[in-house]
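Note sheet for the following structure.
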Amino acid sequence: MVDYHAAHHQCSAGGAQTYMEQENDWDRDLLLDPAWEKQQRKTFTAWCNSHLRKAGTQIENIEQDFRDGLKLMLLLEVISGERLPKPERGKMRVHKINNVNKALDFIASKGVKLVSIGAEEIVDGNAKMTLGMIWTIILRFAIQDISVEETSAKEGLLLWCQRKTAPYKNVNVQNFHISWKDGLAFNALIHRHRPDLIDYDSLRKDDPVTNLNNAFEVAEKHLDIPKMLDAEDIVGTARPDEKAIMTYVSSFYHAFSGAQKAETAANRICKVLAVNQENEQMMEDYEKLASDLLEWIRRTIPWLENRTQEKTVNDMQAKQEDFRDYRCVHKPPKVQEKCQLEISFNTLQTKLRLSNRPAFMPSEGRMMSDINGAWHTLEGAEKGYEEWILSEIRRLERLEHLAEKFHQKAAIHESWTDGKEAMLTQKDYATSTLSEVKALLRKHEAFESDLAAHQDRVEQIAAIAQELNELDYYDSASVNARCQKICDQWDVLGALTLSRKESLERTEKQLESIDELYLEYAKRAAPFNNWMEGAMEDLQDMFIVHNIEEIQGLITAHEQFKSTLPEANKEREAIQSIQAEVQKIAQSNGIKLSGPQNASGFNDLLRLLPRVCRCNYRCFLALQDELNKQNSNDTLRAKFATQANAVGAYIQEKMEEIGRISIEMNGTLEDQLTHLKEYQQSIMSYMPEINKLEGFHQHIQEALIFDNQYTSYTMEHLRVGWEQLLTTIARTINEVENQILTRDAKGISQEQLYEYRASFNHFDKDHSGALQAEEFKACLISLGYDVENDKQGDGEFARIMGIVDPNGTGAVTFQAFIDFMSTETTDTDTADQVIASFKILAADKNYITADELRRELPPDQAEYCIARMAPYTGPDAIPGALDYMSFSTALYGESDL
């Protein structure tokens with residue numbers, strides 16, 4: 001015989017099933033309230049008879065009729081549908097005990113822990129033990145399987161009652177005793193499922209006996225639920241027996257089980273439709289965000305491709321400032337939008353996979369590949385635009401320098417040629433003495449020498465003008481006009497010089513002597529004067545440098561020039577001595593000289609050298625200023641390089657850390673998500689360092705610095721790296737969120753996720769975050785898949801690759817891997833399940849009507865279905881019939897919705 005007291009001890013020590021833990025209190029309360037015992041006798045007897053009559057028998061006295069165990073065994077066979085061992089037909093006590101033990105053994109085999117109930121008590125007719133045994137049987141076979149939203153049996157039955165009676169006034173079901181005393185709850189349950197049987201509005205809360213009798217009589221007559229209690233017993237008890245009420249209510253639950261199936265079907269459909277509506281909203285949001293981003297790119301690229309040239313450096317620097325504003329103000333929000341778009345797309349695809357929906361295909365031109373392509377084009381145009389701006393600034397800077405140099409040299413030349421035409425056209429030699437003509441001729445030869453020396457300057461002016469034309473200088477017309485005027489004047493001077501020389505040579509034939517010393521003076525003075533004018537021009541010449549080495553070279557050249565000044569002074573003194581000798585010889589020989597002119601020329605020669613010295617000093621100061629400027633630029637380079645090297649190393653370090661985090665498994669997914677978001681915040685807190693670097697870069701550009709020997713980083717590289725860092729951490733967070741979504745939707749345990757991640761990481765040898773085909777195959781083999789002998793493109797492995805790599809890239813991401821594994825190991829809603837649910841709502845018809853949908857589903861989801869279901873055209877169609885089968889298959893991508 002089974003030791004049920006030992007079984008009770010085990011139950012207390014280890015814990016029994018929930019429904020038994022809640023209800024088995026017979027050993028703690030052996031004395032029942034008389035009113036409760038009466039209600040239980042009546043209820044349990046009626047419940048047993050409702051099943052025994054199926055076998056053609058019944059009981060009258062519950063504690064007496066089960067004493068021999070025969071009807072007890074018969075009751076268990078009827079309610080379980082199973083055969084028990086053959087009973088013993090003897091009349092002796094031992095036969096009865098053996099029969100009862102067979103029944104108790106059968107109950108125990110169903111996982112029921114019987115507390116303090118033995119066969120002897122039942123055979124002896126112990127009423128309380130017999131009622132306790134029957135209550136245990138009712139719990140196991142009538143109430144245990146009732147579960148609403150994963151609650152326990154009692155809680156599930158209570159929740160079912162609350163939901164069914166919620167719309168009814170004066171009904172508030174909170175328990176299985178007081179809440180049922182006025183009889184309205186019983187009537188509400190019947191009216192909810194069979195409104196044709198009850199006139200609920202005619203019932204009064206203050207007439208509980210009438211209400212209870214009405215419900216019990218209707219249930220017995222129309223629902224085949226025997227009357228288990230008397231209304232007077234319930235009303236006359238302060239607190240009706242909970243077990244009696246639960247038994248009675250469970251009969252209503254089973255009577256309306258068909259309606260419960262319809263409710264379950266409606267819940268399944270509502271769940272599927274809610275997923276579909278949410279997915280459609282995400283698709284619409286994606287399409288709008290993608291369209292807006294592509295439109296912004298479409299508008300921005302022409303602006304970046306515009307190569308309209310400006311006339312001045314200031315105008316181009318204004319464009320550079322606009323571009324900097326674009327990079328710092330307008331583009332960053334769009335980078336965030338692109339990142340959010342990618343996250344939304346991945347999340348949507350994950351949700352579609354989890355709900356067995358086909359992958360989302362954006363409208364033409366709005367795929368992520370299209371957006372990435374447009375973004376790549378934008379960044380290419382951006383890079384080209386920045387390079388063009390810098391090259392244009394260099395070009396305009398050189399143009400302005402060349403233009404200033406042209407006008408300076410032209411002014412010097414025009415100053416030199418001023419009065420030369422008048423000098424060459426005068427007839428002073430006609431009335432001059434022989435010595436004067438000789439002097440004029442020699443002077444003219446000196447002028448010719450000076451003229452030849454100025455030929456280089458004219459050629460330089462023409463070359464500069466030509467370069468300005470080639471570089472497309474905006475004021476080329478005025479430059480060309482001035483250059484042409486200088487060249488034309490130069491031709492005139494050449495012709496006049498030749499004409500005067502011929503005139504002087506004709507006169508020379510009539511003169512016999514010439515002042516040789518004056519000639520010597522003129523020959524030495526002219527080159528010296530030309531040297532000083534050249535020195536003046538060089539000292540006043542404009543210069544442009546870009547680094548310290550170039551300015552140091554100019555300073556060295558200037559020092560070399562300074563070293564030639566003592567020799568120049570010696571040459572001046574030598575020429576002065578020639579002039580003194582000329583005066584001495586002229587006075588001693590009575591030679592008439594052109595004194596005023598010669599004195600004036602000599603005085604000019606004396607004044608020119610100090611001017612050269614003053615220009616030399618000014619040039620020295622300009623070189624020192626430029627040296628200071630280049631030192632300042634070098635400081636800017638060093639500041640930018642220090643910050644750029646730090647930022648570059650930070651970005652590289654964080655990218656590597658994110659790569660490690662994405663393949664490690666520290667804590668739960670929620671812990672990883674929290675850690676990643678904190679990590680994202682720490683990265684965002686580094687933004688002031690990026691802004692600081694942008695400030696240094698702005699100073700670099702304003703100073704027109706184009707090279708930096710202190711760092712290999714450029715601002716463009718660091719901007720791209722920073723954007724990639726932000727996008728990578730956001731994408732990694734999204735991957736973890738999708739893993740959480742997959743885990744929760746598929747019911748995957750944390751241990752399974754760890755196992756999947758460990759397997760994936762083990763075969764991801766290069767830590768790329770994706771498995772190549774052979775790596776994935778080895779991973780599957782390690783998980784127990786028989787794909788070892790499959791050839792490329794054949795067998796089970798080819799089928800799996802088609803699922804995880806539909807685009808044929810040859811690589812499998814962790815998200816695709818986890819989606820596949822979750823699909824393989826969990827169950828999800830299918831089109832067939834949704835069709836079966838609609839069929840229940842349609843009462844097994846092949847179509848459903850709008851009225852039925854509105855009755856069974858929430859309003860918004862009912863209208864959603866009505867708007868999308870096609871008319872049913874089958875042979876049994878009626879007006880207004882809707883085709884729920886094609887609608888269900890369309891939800892899962894098996895046809896067009």
Side-chain angles (χ1 to χ4, degrees), residues 285-342 344-345 362-400 471-475 640 644 687 690-691 693-707 713-727 730:
D285 294 344
Y286 173 87
E287 290 281 350
K288 183 179 185 306
L289 187 58
S291 297
D292 292 346
L293 183 59
L294 288 170
E295 175 61 21
W296 177 80
I297 294 174
R298 185 191 65 79
R299 292 196 313 269
T300 304
I301 286 178
W303 175 69
L304 293 173
E305 292 178 343
N306 181 17
R307 297 296 187 268
T308 302
Q309 295 179 336
E310 300 295 340
K311 294 180 179 180
T312 66
V313 172
N314 288 338
D315 292 338
M316 281 308 299
Q317 286 177 335
K319 278 194 173 184
Q320 187 181 40
E321 190 62 32
D322 290 341
F323 179 70
R324 186 179 293 115
D325 186 60
Y326 154 80
R327 292 294 290 270
C328 298
V329 177
H330 300 290
K331 186 184 177 186
K334 299 303 176 183
V335 173
Q336 292 298 320
E337 287 181 17
K338 177 178 176 291
C339 180
Q340 182 59 45
L341 194 64
E342 182 177 348
S344 298
F345 182 81
S363 55
E364 185 175 357
R366 293 187 176 90
M367 292 287 293
M368 280 306 303
S369 58
D370 298 321
I371 292 168
N372 289 332
W375 192 264
H376 180 72
T377 303
L378 173 74
E379 291 187 330
E382 187 179 300
K383 185 174 184 297
Y385 188 64
E386 184 174 32
E387 292 174 350
W388 174 74
I389 287 177
L390 294 177
S391 67
E392 276 296 289
I393 290 176
R394 293 192 191 101
R395 183 183 72 84
L396 290 174
E397 183 188 34
R398 175 153 181 78
L399 279 176
E400 290 184 359
L471 294 176
D472 197 20
Y473 182 53
Y474 77 96
D475 198 20
F640 175 83
M687 192 64 193
I690 302 297
N691 295 334
L693 183 64
E694 287 282 3
F696 289 156
H697 180 62
Q698 181 174 350
H699 294 156
I700 286 272
Q701 288 192 325
E702 289 171 352
L704 300 177
I705 299 173
F706 303 109
D707 61 332
Y713 291 110
T714 66
M715 196 65 230
E716 175 66 23
H717 293 155
L718 294 175
R719 286 188 190 118
V720 171
W722 178 251
E723 291 173 3
Q724 288 178 345
L725 176 61
L726 295 181
T727 300

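In what follows, residues are counted from 1 in the order of the sequence shown. Keep in mind that the numbers below use all heavy atoms, side chains included, and drop hydrogens, waters and symmetry copies. Given the structure is predicted, the values throughout are model-derived calculations rather than measurements.
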- prompt: Should the heavy atoms of other residues, nucleotides or ligands under 6.0 Å from CD of Glu295 be counted, would the total exceed 12?
  reply: yes

message: side-chain contact (heavy atoms from CB on, under 4.5 Å) for His699 and Phe640? Distances and angles first, verdict last.
response: CA-CA 9 Å; His699 294 156; Phe640 175 83; over 6 Å; no

query: Taking the inter-plane angle between the rings of Trp296 and Tyr326 on a 0 to 90° scale, is it parallel (under 30°), tilted (30 to 60°) or perpendicular (over 60°)?
result: parallel

- prompt: Partners of Asp325 by side chain to side chain contact (heavy atoms under 4.5 Å, CB included), sequence neighbours excluded?
  reply: Val329, His330

- prompt: Are any side-chain N or O atoms of Glu400 and backbone N or O atoms of Val313, one a donor and one an acceptor, separated by less than 3.5 Å?
  reply: yes

Verdict with supporting geometry, Glu364 and Asp370, side-chain contact (heavy atoms from CB on, under 4.5 Å): CA-CA 9 Å; Glu364 185 175 357; Asp370 298 321; over 6 Å; no

message: Working to the nearest 0.5 angstrom, can you tell me the gap between Trp722 CH2 and Leu693 CG?
response: 11.0 Å

message: Which residue in the set Arg719, Lys331, Arg324 passes salt bridge (Lys or Arg N to Asp or Glu O under 4.0 Å) when paired with Glu382?
response: Lys331

message: I'd like to know if the side chain of Tyr286 and the backbone of Arg366 have a donor-acceptor N/O pair within less than 3.5 Å.
response: yes

- prompt: Got a second to check how far His376's NE2 is from Glu379's CD, nearest 0.5 Å?
  reply: 8.0 Å

query: Asp472 and Arg395: side-chain contact (heavy atoms from CB on, under 4.5 Å), yes or no, with the steps?
result: CA-CA 10 Å; Asp472 197 20; Arg395 183 183 72 84; 4.3 Å; yes

- line: Closest non-hydrogen atoms of Gly365 and Leu294, given as atom of the first, atom of the second and distance, are O-CD1, 3.3 Å

message: I'd like to know if the side chain of Asn314 pairs up with that of Thr312 as donor and acceptor (distance under 3.5 Å, no hydrogens or angles considered).
response: no

task: Provide the full list of salt bridge (charged side-chain N to carboxylate O under 4.0 Å, His left out) pairs with a residue in residues 301-311, sequence neighbours left out, each pair given once.
output: Glu310-Lys319

statement: What one should report as the nearest heavy-atom pair of Ile301 and Ala374 is CD1-O, 4.4 Å

field: Sole residue of Glu694, Glu702, Gln701 in side chain to side chain donor-acceptor pair (under 3.5 Å) with Gln698
entry: Glu702

field: Nearest-0.5 Å distance, CD1 of residue Ile393 to CH2 of residue Trp388
entry: 9.5 Å

message: side-chain contact (heavy atoms from CB on, under 4.5 Å) for Leu293 and Trp375? Distances and angles first, verdict last.
response: CA-CA 9 Å; Leu293 183 59; Trp375 192 264; 4.3 Å; yes

task: State the CD1-CD distance between Ile371 and Glu342, to the nearest 0.5 angstrom.
output: 9.5 Å

- prompt: What distance separates Gln336 CD from Glu723 CD, expressed to the nearest 0.5 Å?
  reply: 9.5 Å

query: Within the side chain of Glu337, is there an N or O that forms a donor-acceptor pair under 3.5 Å with the backbone of Leu289?
result: no

message: For a side chain to side chain donor-acceptor pair (under 3.5 Å) check, start with the C-alpha distance between Ser291 and Glu287, then their side-chain angles and the critical distance, and finish with the verdict.
response: CA-CA 6 Å; Ser291 297; Glu287 290 281 350; 4.9 Å; no

task: For residues Leu726 and Val335, determine if any side-chain heavy atom of one lies less than 4.5 Å from a side-chain heavy atom of the other.
output: no

query: Do Leu396 and Leu399 touch side chain to side chain, with heavy atoms closer than 4.5 Å?
result: yes

query: Quick one: CG on Leu718 to CD1 on Ile690, what's the gap to the nearest 0.5 Å?
result: 7.0 Å

